[in-house]
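Residue numbering restarts at 1 for every chain, and letters A, B, ... go by the order of the sequence lines. Values reported hereafter were calculated over all heavy atoms of this structure, with side chains retained and with hydrogens, waters and symmetry mates removed.
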There are 2 protein chains.
Amino acid sequence: MAAKGQVRTTQQRRVIMEELCRLKSHPTANEVYEIVRKRLPRISLGTVYRNLEILSERGMIQKLEMAGTQKRFDGITENHYHVRCIMCGCVEDVSSGPIPTINKVLNGVSDYQILWHRLEFVGICPRCREAGTQGITST
Amino acid sequence: MAAKGQVRTTQQRRVIMEELCRLKSHPTANEVYEIVRKRLPRISLGTVYRNLEILSERGMIQKLEMAGTQKRFDGITENHYHVRCIMCGCVEDVSSGPIPTINKVLNGVSDYQILWHRLEFVGICPRCREAGTQGITST
DNA sequence: TTATATGCAAATGATTTGCGTAGTC
DNA sequence: GACTACGCAAATCATTTGCATATAA
């Protein structure tokens, strides 16, 4: 609940934002911490978490709640799907925007009022596919 | 990794299985623990977790890895989608099986080898809709 | 008998929070 | 100067694991 008052532009907030927008990867909070730490060595993990939360609340970044794992963060705020590699765990964008027909599937089938859906693909990334069966390309 | 040896039919394993199949809800590990505890008061949470893991490995139940929250467990093993209510957090089945066209979206768009997808709907359940905006119907 | 399971408690990993100080507006 | 944000460390929450004992086969 950080919905009151003024939001200040701090060094750490700005650097987190910058790094997140520069990256095409979708880092976890801890990865953001490690990256930002190179520029601001005294930043704390708690600050990173707090800022990621605030930035995503304000719609400046996107919080990805993926099944079963840590949250990841995305500098791109447009709604789009993601693919995760089962081998190395990396997450990438899928160029398609929301598939409109998907929500329709639920019409008449369910008595829920559907607000949105979350779709996530699982597969093997080209790097791991090439690397054979034990590719550990961490991203 | 419980893929070796023999799997024994213990009291606790059987009761967990029974309760999970009896319920249409999709309880979390802790909820399973509370439910089973009524019949086996001395069971431990660790045992519940271990058994849920083993049962899902053997395909006897389904582990649902939903975005952002605890895992939930389902006595129904057929592949199907779920809807979650944002108000009360309950999770229910959607009668539709996997939508075949979904994986096709990724063909040609991505260089990933798509294995499967995970689709989850978010909406408001009929109970909460009726109850107005503050319905807290926990399931 | 003998390996697999259990109960208990401590360990882990991700994320959150309280508190006193520092920095932005 | 007032109030938000930070750094640090401790707290939480979900889940896992080590170990000595109990139990199914």
**Asked** Which heavy-atom pair separates B:V48 from B:I16 by the least distance, and what is that distance?
**Response** CA-CD1, 3.9 Å

**Asked** Atom CD1 of A:I54 to atom C1' of D:dC6: distance rounded to whole Å?
**Response** 11 Å

**Asked** Counting any heavy atom closer than 4.0 Å, what does A:R50 reach on the DNA or RNA strands: base, sugar-phosphate only, or nothing?
**Response** base

**Length of the line joining B:R14:CZ and C:dT6:P, which is rounded to integer Å** = 12 Å

**Prompt:** Whole-Å distance between C:dT16 P and A:E57 CD?
**Reply:** 11 Å

**Prompt:** Expressed in angstrom and rounded to an integer, what is the separation of A:L40 atom CG from C:dG23 atom C1'?
**Reply:** 14 Å

**Request:** For B:Q62 and B:E78, indicate whether the former's side chain and the latter's backbone hold a donor-acceptor pair under 3.5 Å.
**Result:** yes

**Prompt:** C:dG23 C1' sits how many Å from A:Q6 CD, rounded?
**Reply:** 14 Å

**Asked** Between B:H80 and B:H26, how do the two ring planes meet: parallel, tilted or perpendicular, split at 30° and 60°?
**Response** tilted

**Message:** On DNA chain D, does the nearest nucleotide to B:R8 precede the nearest nucleotide to A:Q11 from the 5' side, or the other way round? Give the residue.
**Reply:** A:Q11

**Item:** Spacing of A:L64 atom CG relative to C:dT15 atom P, expressed in whole Å
**Value:** 12 Å

**Asked** So does A:E65 pair up with B:R84, basic N to acidic O under 4.0 Å?
**Response** no

**Message:** Taking B:K63 first and then B:E57, would you say they form a salt bridge - that is, a charged N and a carboxylate O separated by under 4.0 Å?
**Reply:** no

**Request:** Let me have a per-nucleotide readout for nucleotides 11-16 of chain D, 5' to 3', with B, S or -, counting only protein heavy atoms under 4.0 Å.
**Result:** ---SBB

**Message:** Check A:R50 with A:E53, please: is the shortest side-chain N to carboxylate O separation under 4.0 Å?
**Reply:** no

**Prompt:** Contact class for B:R13 (heavy atom, under 4.0 Å): base, sugar-phosphate, or nothing?
**Reply:** sugar-phosphate

**Message:** Could you tell me how far apart B:I43 (CD1) and D:dT23 (C1') are, to the nearest whole angstrom?
**Reply:** 14 Å

**Message:** For a quick test of reading the model: is some side-chain N or O of B:Q12 closer than 4.0 Å to OP1 or OP2 of C:dG7?
**Reply:** yes

**Message:** Tell me whether A:R118 contacts the main-chain N or O of B:V122 through its side chain, where contact means a donor paired with an acceptor under 3.5 Å.
**Reply:** no

**Request:** For D:dC6, take OP1 and OP2 only and decide whether either is under 4.0 Å from a side-chain N or O of A:T10.
**Result:** yes

**Request:** Measure the distance from CD on A:E31 to C1' on C:dT15 and round it to the nearest whole Å.
**Result:** 15 Å

**Item:** B:T47 side-chain N/O to C:dG7 phosphate OP1/OP2 under 4.0 Å
**Value:** yes

**Residue A:N51, side-chain atoms from C-beta onward, closest of D:dG7, D:dC6, D:dA5** = D:dC6

